[in-house]
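In what follows, every chain begins at residue 1, and chains take the letters A, B, ... in the order their sequences are listed. Fair warning: this is a prediction, and the values are worked out from it, not measured in the lab.
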Number of protein chains: 2
Amino acid sequence: MEKQARRAQVLRHAKRIFARKGYHRTNVADIISRARIARGTFYLYFENKKDLFEELLEQVLRELAVRIHRIRIGPGEPEPADQLRANLRRVMSFVLSERDLTNILLSHALGFDPELDERIQTFYDRIAAQIQRSLDLGITMGLVRRCDTRTAAYCILGGVKETIAQLSRQAPPDIDGLVEEILRFGLSGVARPELLETLRNIGEP
Amino acid sequence: MEKQARRAQVLRHAKRIFARKGYHRTNVADIISRARIARGTFYLYFENKKDLFEELLEQVLRELAVRIHRIRIGPGEPEPADQLRANLRRVMSFVLSERDLTNILLSHALGFDPELDERIQTFYDRIAAQIQRSLDLGITMGLVRRCDTRTAAYCILGGVKETIAQLSRQAPPDIDGLVEEILRFGLSGVARPELLETLRNIGEP
DNA sequence: GGCGAAACTGACACGAATGTCATGTTGATT
DNA sequence: AATCAACATGACATTCGTGTCAGTTTCGCC
């Protein structure tokens with residue numbers, strides 16, 4: 001079999017198994033039996049289990065990263081809110097189309113190797129930073145209310161992560177509707193707009 | 001040494017180690033060497049490593065659960081927003097005072113045992129459901145805008161989780177301020193209130 | 001059809017971690 | 001100071017997964 005094809009084949013099977021059983025509960029024996037190859041063959045294509053896993057992990061992170069575009073301001077650029085929506089849509093569609101990969105990242109990638117933990121942490125940190133920058137920009141443009149953008153960024157990131165986790169476990173509902181809900185939540189919160197005036201004074205009697 | 005004291009001693013040491021290295025990277029040898037006991041002694045007090053870990057996990061979940069009070073409406077009850085604030089404060093303080101336990105739950109508890117995964121998942125599901133009920137109640141009371149409360153609940157839960165994760169890694173800033181920021185984010189979102197009228201029409205031209 | 005390279009195989013040696021158990025220690029009681 | 005029960009010990013057998021490697025098969029090419 002052709003070199004690349006075989007590699008891909010193993011990766012494909014491994015992805016499924018990792019997504020279902022997680023990193024630790026999956027062993028090389030599981031992978032090779034699914035992929036119908038001998039033990040030795042596995043080690044021809046991958047250094048070891050971790051090496052293979054890393055490749056899958058990199059794949060998700062890369063795919064996600066390319067789907068998150070920086071918010072751009074300027075003539076000819078779409079409304080910031082529309083750019084946000086587009087980002088969310090791209091990410092959500094990917095999650096749905098690659099549930100196994102998403103599961104790996106969300107539930108099984110943390111806590112088995114310090115190096116990879118770091119890798120994932122950095123990834124999220126970057127996204128949080130990106131969100132924060134967008135919020136800061138939004139403030140200077142008068143679109144966003146003054147707030148601790150750092151905390152807000154984490155709230156947004158967390159909210160999206162949690163929804164995605166939910167999405168990857170459950171039957172996929174209407175994506176566009178979901179995106180819209182998330183967007184509104186992030187922009188307006190849950191309070192009735194009519195009450196915001198009073199709520200803004202919360203804690204400052 | 002007294003029976004309960006020894007147990008507590010082992011638990012205490014194990015907690016530290018689990019928090020730092022995670023479940024998989026920690027082995028019984030690590031625990032007994034820290035706790036200064038012999039291998040056999042360990043098995044006098046715990047069935048095995050998983051048993052001990054479960055005990056710690058139950059501890060966090062229990063501690064967190066008792067700190068989240070159901071929102072109550074009625075004469076003599078504090079404002080809903082104040083009840084929310086109180087919940088957040090209690091949870092956040094606990095997280096700060098028990099960083100090791102929190103770390104275990106947040107980063108190291110998932111993906112090594114299907115049974116425990118389920119346990120944690122159920123825990124979060126319950127909280128999400130609780131949040132959703134509160135939101136539904138808020139809607140009937142005219143405090144909360146109409147929205148998909150399920151999605152909103154996940155956004156809120158996720159936001160809090162992410163902030164907590166951040167909190168448990170970083171130097172603890174002013175808790176009250178943090179709680180206030182989260183609260184406002186959840187209630188009002190990030191958009192400038194003056195713009196909400198336009199934003200509410202997003203996606204419905 | 002024979003030759004060499006590349007791909008593949010699976011038995012095996014090895015190391016890591018677990019749980020047990022026969023034995024040793026402690027300390028309270030008579 | 002003898003006895004006994006509770007507590008503690010650590011050497012050891014066992015299990016499990018890994019990575020290797022000597023040998024086999026496949027395939028393109030002369």
Side-chain angles (χ1 to χ4, degrees), chain A residues 1-58 104 107-117, chain B residues 1-58 104 107-117:
Chain A
M1 184 179 277
E2 191 197 344
K3 193 100 181 168
Q4 277 312 308
R6 165 117 313 172
R7 239 187 110 80
Q9 169 210 18
V10 178
L11 277 169
R12 192 162 41 81
H13 283 114
K15 177 163 75 180
R16 288 205 72 141
I17 305 180
F18 277 135
R20 309 212 179 298
K21 316 211 314 177
Y23 182 81
H24 291 96
R25 274 170 272 163
T26 302
N27 51 33
V28 177
D30 291 332
I31 299 172
I32 63 179
S33 85
R34 271 301 179 102
R36 307 273 187 161
I37 58 172
R39 191 163 197 83
T41 310
F42 177 89
Y43 288 96
L44 287 177
Y45 292 92
F46 303 96
E47 246 178 70
N48 48 40
K49 186 174 74 160
K50 183 189 158 193
D51 180 46
L52 189 163
F53 188 79
E54 262 182 284
E55 193 153 328
L56 288 174
L57 190 61
E58 289 298 331
I104 287 175
S107 327
H108 303 303
L110 218 66
F112 71 86
D113 181 289
E115 208 181 304
L116 293 196
D117 285 4
Chain B
M1 182 178 276
E2 190 197 343
K3 193 102 180 169
Q4 277 312 308
R6 166 120 310 173
R7 239 187 110 80
Q9 169 210 17
V10 178
L11 277 168
R12 192 161 40 82
H13 284 114
K15 178 163 75 179
R16 288 207 73 142
I17 306 180
F18 277 134
R20 309 211 180 301
K21 316 213 310 179
Y23 182 79
H24 292 94
R25 273 170 271 160
T26 302
N27 51 34
V28 177
D30 291 331
I31 298 172
I32 63 179
S33 85
R34 271 301 180 101
R36 307 273 187 163
I37 56 171
R39 193 165 195 78
T41 309
F42 177 91
Y43 287 96
L44 288 177
Y45 293 90
F46 302 95
E47 243 178 73
N48 48 41
K49 186 174 73 157
K50 184 189 157 194
D51 180 45
L52 188 163
F53 188 79
E54 262 182 285
E55 192 153 330
L56 288 174
L57 190 62
E58 289 299 330
I104 287 175
S107 328
H108 303 304
L110 218 67
F112 70 86
D113 181 289
E115 209 181 305
L116 293 196
D117 285 5

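- DNA chain D is contacted by both Ala29(A) and Gly40(A); Ala29(A) maps to the nucleotide lying nearer its 5′ end (nearest heavy atom per residue).
- Residue contacts shown for Leu44(A) include a base, since a base heavy atom lies under 4.0 Å away.
- If you take CZ of Arg39(A) and P of dT24(D), they are 21 Å apart, rounded to a whole angstrom.
- Looking at Ser33(B), its side chain does come within 3.5 Å of a backbone N or O of Asp30(B) through a donor-acceptor pair.
- The distance from atom CZ of Arg6(B) to atom C1' of dT25(C) is 13 Å, rounded to the nearest whole Å.
- When the P atom of dG19(C) is taken as reference, atom NZ of Lys49(B) falls 9 Å away, rounded to whole Å.
- One can place OH of Tyr45(A) at 18 Å from P of dG19(D), the figure rounded to the nearest angstrom.
- For the atom pair Tyr23(A) OH and Leu52(A) CG, the distance stands at 9.0 Å (nearest 0.5 Å).
- dA16(C) atom C1' lies 17 Å from atom CZ of Arg25(B), rounded to whole Å.
- Atom OH in Tyr23(B) sits roughly 13 Å away from atom P in dA17(C) (whole-Å rounding).
- For CZ of Arg34(A), the number of neighbouring non-hydrogen atoms (other residues, nucleotides, ligands) closer than 6.0 Å is 12 at most.
- Atom-to-atom, NE2 of His24(B) to P of dT18(D) comes out at 13 Å; the value is rounded to the nearest Å.
- Side-chain atoms of Tyr43(B) lie closest to dT18(C) of the nucleotides dT18(D), dC8(C), dT18(C).
- Between Arg25(A) and Asp117(B), at least one side-chain N (NZ, or NE/NH1/NH2) sits under 4.0 Å from a carboxylate O, which counts as a salt bridge.
- Checking dT18(C), dG10(C), dG19(D) against the side-chain heavy atoms of Ala38(A) singles out dG10(C) as nearest.
- Of the candidate nucleotides dG19(C), dC8(C), dT9(D), dC8(C) has the atom lying nearest to any side-chain atom of Thr41(A).
- If you measure from atom NZ of Lys50(A) to atom C1' of dG19(D), you get 16 Å, rounded to the nearest angstrom.
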